[in-house]
2 protein chains.
Amino acid sequence: MKDKWEKYLPIDGNCPVRSVLDRLGDKWSMLVIIVLGEEGTMRFNQLHHVIGDISQKMLTVTLKSLEADGLVTRKVFPEIPPRVEYTLTDRGMSLLPHVEALTKWALVHIDGIRASREKYMAS
Amino acid sequence: MKDKWEKYLPIDGNCPVRSVLDRLGDKWSMLVIIVLGEEGTMRFNQLHHVIGDISQKMLTVTLKSLEADGLVTRKVFPEIPPRVEYTLTDRGMSLLPHVEALTKWALVHIDGIRASREKYMAS
DNA sequence: CTGTATCCCTAGGGATACTG
DNA sequence: CAGTATCCCTAGGGATACAG
C-alpha cells in the first residue's frame with residue numbers, strides 16, 4: 001500500500017530535500033560558493049583570508065567535497081611555491097542565484113526574526 | 001582600517017549568510033517548512049507521521065525554534081485529548097519559494113552530482 | 001603556499017521513559 | 001494527543017604540528 005506522504009520520506013536515499021541539505025547544510029559550503037560566485041576564481045589562501053574564521057582543515061574539507069560534487073574546479077599550477085585556484089563550475093554557478101536569494105531573504109527578515117526571538121524568550 | 005572582505009566575516013554576528021544557515025542548516029527545519037508549506041496547517045502527530053523518521057524530541061525542538069523565529073504559529077485547542085495545530089506564518093511563506101527553488105535545483109542536478117562523486121572517488 | 005595528520009571536545013540529535 | 005526529561009553517543013569541526 002502506497003503512502004501518499006512518501007515524497008517526504010528518505011526512501012532509497014532519494015529525497016531531494018535531504019540530498020540538498022546534506023550537501024549545503026554544513027557549516028561552510030554555501031559561504032564558499034557565495035564567495036567564489038561573487039569574487040570569481042580564488043586561491044586557497046585568498047579564500048582562507050576572505051572567510052577569515054574558517055580553519056585550514058575545514059576549508060580543505062569543504063573544497064574537496066564541493067569539488068567531488070562538481071560544484072568547484074581545482075586547478076594546480078606546478079610552481080614553487082605552489083598555486084592552486086578554485087573556480088565555480090557551471091553547476092556551481094547554477095546554484096548561486098538560489099543561495100543568493102536565500103541570503104537576500106535573510107537580510108530582509110533578520111531584524112524581524114531577532115525581534116520575534118526576543119519576544120519568544122521573554123514569554 | 002576597513003577590510004574590503006568584511007561582508008563575509010561574522011562581525012557583530014551580522015553576516016546574513018550565516019544567520020540563514022544557522023537557522024535552516026539544521027537537520028529538520030527546511031523539511032518542516034516545506035511540508036507545512038505544501039500541505040498547509042497540520043497537527044503535531046500528523047507532522048510526525050508525514051516526516052516519518054524524525055524523533056518526537058527533534059520535531060518539538062524544530063517547531064519551537066521555527067515558532068521562536070516567527071516562521072510558524074502554534075495554536076492550541078483546549079480540548080481533551082489536546083489538539084495543537086501548526087501553520088506557516090507570512091514570514092514562513094515568504095521563505096518557501098526559495099527553499100523550493102533549492103529542492104528543485106537538487107532534483108535536476110542530483111544525478112549529475114552523484115556521477116561526479118563516483119568519478120571523484122574512483123580517482 | 002597548500003595542504004596532511006592528530007588529537008580533542010562540544011553540541012546535535014537518537015532512544016527511551018514518563019506526564020497533563 | 002502532545003509533549004517533557006534523561007541518558008547517551010557519534011560526527012562535525014577547532015587547534016596544533018608537520019610535510020612537499
Side-chain angles (χ1 to χ4, degrees), chain A residues 9-10 13 15 17-32 35-36 41-69 72-87 120 123, chain B residues 9-10 13 15 17-33 35-36 41-69 72-87 120-121 123:
Chain A
L9 298 174
C15 175
V17 180
R18 306 191 189 199
S19 65
V20 100
L21 287 190
D22 291 348
R23 179 53 34 207
L24 305 171
D26 67 356
K27 198 168 177 183
W28 301 108
S29 289
M30 277 206 191
L31 189 56
V32 169
V35 172
L36 284 179
T41 297
M42 295 186 82
R43 305 180 56 167
F44 185 89
N45 260 18
Q46 239 179 323
L47 280 164
H48 196 191
H49 177 241
V50 165
I51 298 182
D53 60 337
I54 190 176
S55 68
Q56 204 173 32
K57 170 188 171 181
M58 288 318 298
L59 181 54
T60 302
V61 168
T62 302
L63 286 169
K64 270 199 185 336
S65 83
L66 292 176
E67 189 198 356
D69 286 0
V72 161
T73 53
R74 179 175 185 275
K75 182 163 189 197
V76 184
F77 296 81
E79 308 169 356
I80 299 205
R83 176 160 55 112
V84 182
E85 289 185 348
Y86 293 92
T87 311
Y120 186 86
S123 69
Chain B
L9 298 174
C15 176
V17 180
R18 306 193 191 198
S19 64
V20 100
L21 288 189
D22 290 348
R23 181 53 35 207
L24 305 171
D26 66 359
K27 196 168 176 181
W28 302 109
S29 290
M30 276 203 189
L31 190 55
V32 168
I33 288 172
V35 172
L36 285 178
T41 298
M42 294 186 84
R43 305 179 57 167
F44 185 89
N45 262 16
Q46 238 180 323
L47 279 164
H48 196 188
H49 177 241
V50 166
I51 298 182
D53 61 335
I54 189 175
S55 68
Q56 203 173 32
K57 170 187 170 182
M58 288 318 298
L59 182 53
T60 302
V61 168
T62 302
L63 286 169
K64 270 200 183 337
S65 86
L66 291 176
E67 190 199 356
D69 286 1
V72 160
T73 54
R74 178 174 183 274
K75 184 163 189 196
V76 184
F77 297 82
E79 308 169 355
I80 297 202
R83 176 159 56 110
V84 182
E85 290 185 349
Y86 293 91
T87 311
Y120 186 85
M121 296 309 167
S123 69

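In what follows, chains are A, B, ... by sequence order, proteins preceding strands, each numbered from 1. Because the structure is predicted, anything quoted here is derived from the model rather than measured.
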What is the separation between atom [atom1] on [X] and atom [atom2] on [N], rounded to the nearest whole Å?
| X | N | atom1 | atom2 | result |
| --- | --- | --- | --- | --- |
| A:Asp53 | D:dA15 | CG | P | 9 Å |
| A:Ile51 | D:dG14 | CD1 | P | 11 Å |
| A:Glu85 | C:dT2 | CD | P | 9 Å |
| B:Gln46 | D:dC1 | CD | P | 11 Å |
| A:Leu63 | C:dC1 | CG | P | 16 Å |
| A:Trp28 | D:dG12 | CH2 | C1' | 12 Å |
| B:Gln56 | C:dG13 | CD | P | 17 Å |
| B:Arg83 | C:dG20 | CZ | C1' | 18 Å |

| Taking N and O atoms by type only, does the side chain of B:Lys57 place a donor or acceptor under 3.5 Å from a partner on the base of C:dG13? | yes
| query | Any donor-acceptor pair under 3.5 Å linking the side chain of B:Asn45 with the backbone of B:His48? | reply | no
| message | Within the 4.0 Å heavy-atom criterion, would you say B:Phe77 contacts the bases, only the backbone, or no part of the nucleic acid? | response | nothing
| query | How would you label the contact of B:Glu79 with the nucleic acid (heavy atoms, under 4.0 Å): base, sugar-phosphate, or nothing? | reply | nothing
Taking only side-chain N and O atoms of [X], does any of them lie within less than 4.0 angstrom of OP1 or OP2 on [N]?
| X | N | answer |
| --- | --- | --- |
| B:Arg43 | D:dA2 | yes |
| B:Tyr86 | D:dC1 | no |
| A:Arg74 | C:dT2 | no |

Identify which nucleotide among [options] has an atom closest to any side-chain atom of [X], counting heavy atoms from C-beta outward.
| X | options | answer |
| --- | --- | --- |
| A:Thr60 | D:dC1, C:dG13, C:dG3 | C:dG3 |
| A:Lys27 | D:dG14, C:dG14, D:dA2 | D:dG14 |
| B:Lys64 | C:dG3, C:dG13, D:dT4 | D:dT4 |
| B:Asp26 | C:dG13, C:dT2, D:dG13 | C:dG13 |
| A:Phe44 | C:dG3, D:dG13, D:dA2 | C:dG3 |

| message | I'd like to know if the side chain of A:Arg74 pairs up with that of A:Thr87 as donor and acceptor (distance under 3.5 Å, no hydrogens or angles considered). | response | no
Side chains of [X] and [Y] in contact at under 4.5 Å (non-hydrogen atoms):
| X | Y | value |
| --- | --- | --- |
| A:Val84 | A:Arg43 | no |
| B:Leu31 | B:Ile54 | no |
| A:Leu63 | A:Leu47 | yes |

| request: Between A:Pro82 and A:Met58, just flag the one whose closest nucleotide in DNA chain D comes earlier from the 5' side. | output: A:Met58
